[in-house]
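Report on the following structure.
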Amino acid sequence: MTGQYLAFFIFALMAITGGVFMINLSRVIHMVLSIGLSFFGVAGLFIMLQAEFLAFVQVLIYAGAITIMMAMGTMMTQGGDEGEKPKRRLHNVLSFLSAVLVGAFLLYGIYTTSWPTEPTDLGANNIKEIGVTLFSNFVIPFELASILLLVALVGAIVLAKRDGEKD
Amino acid sequence: MDYIYSNSYTVITIFLLLGIILPLATVWGVGLILRPKNPAPEKLTTYESGLEPTGDAMVQFNVRYYIFALLFVVFDVETVFLYPWAVAFDELGLFSLIEMSIFIFMLVVGLVYAWKKKVLRWE
């Protein structure tokens, strides 16, 4: 299927260019936007892997909430500290070497794993299946998630409120 | 069953492409032919009838904006749970409604706490 290859190419390009720009750009807000592009590319890849729910969560949480959080966090900072990057040659060589090593390790893992190739039917109804499993077998973890969210909300308010009253 | 998935995403791709192409074609395609064009220096200012912006946009904003972002993230995570619940509701029945009510009640407690702490008020 050429359409799938084309879509994979576009999404992979989005993910990779987003990551590369995120590291190389100097202004923080541009970094946030490029990591957003990368998140959208990963969401497209999830859709191509028939993981609709993951793609939805990727767009909603990562491209939506996390990017907004980072943009808001950038607004809190003072700004104006983007200067010349310090030139560190040894640092660059070491980071290149570690990147190559991690990549080689991942490739080795991918090539030595035997992937199950029998056709499965996970794509068509996967959100429904997730819903049925979550709300019948995993009710207690689901309710605990609400407690966790409540604690996070209250903790965030306590922290931010105390900071806000100083000024 | 696999073809259902790929067919539905083909339709979504067509809609996505239409959504990208139509505004571009309106602004730079048909619009170029239809709209009158006589730019004046007054028209080309950033705000035609407002104040001229001065200084850098990268200033430190009030921390209160951040609390709204935090609240948004919490209720965004809630939506992630609402979505499979809504899709599978036909098979789950009444008990899942009670489960989801407890879940939402917990988050409403957080919202009421934020309200009582006057986080939502702008002073």
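Looking at A:I61, the atoms closer than 4.5 Å to chain B (heavy atoms on both sides) sit in the backbone and in the side chain alike. Of the two parts of A:I66, neither the backbone nor the side chain holds a non-hydrogen atom closer than 4.5 Å to a non-hydrogen atom of chain B. Contacts of A:F56 with chain B are made by side-chain atoms alone, with heavy-atom separations under 4.5 Å and no backbone atom involved.
Nearest heavy atoms, A:A156 versus B:L70: CB-CD1, 3.4 Å. Contact record, B:D76 with A:L60: OD2-O, 2.7 Å, taken as the closest heavy-atom pair.
Interatomic distance, CE of A:M76 versus OH of B:Y66, reported as 8.0 Å (0.5 Å rounding). The distance from the CE atom of B:M100 to the CD atom of A:E143 is 8.5 Å, given to the nearest 0.5 Å. With rounding to the nearest 0.5 Å, the separation of CZ in B:F103 from CZ in A:F135 is 7.5 Å. A distance of 8.5 Å separates CD of B:E99 from CG of A:L134, quoted to the nearest 0.5 Å. One distance of note links CZ of B:F89 with NZ of A:K128; it measures 12.5 Å at 0.5 Å rounding. Separating the CD atom in B:E78 from the CG atom in A:L153 is a distance of 10.5 Å, to the nearest 0.5 Å.
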Practice item. Output, in order, the C-alpha distance, side-chain angles, deciding distance and verdict of side-chain hydrogen bond (donor to acceptor under 3.5 Å, both in side chains) for A:Q4 and B:Y9. Key: CA-CA 11 Å; A:Q4 274 195 350; B:Y9 273 100; over 6 Å; no
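Using a 30° and 60° split on the angle between ring planes, B:Y83 and A:F53 fall in the parallel class, below 30°.
The choice from A:A145, A:S146, A:G64 that makes the most heavy-atom pairs within less than 4.5 Å of chain B is A:S146.
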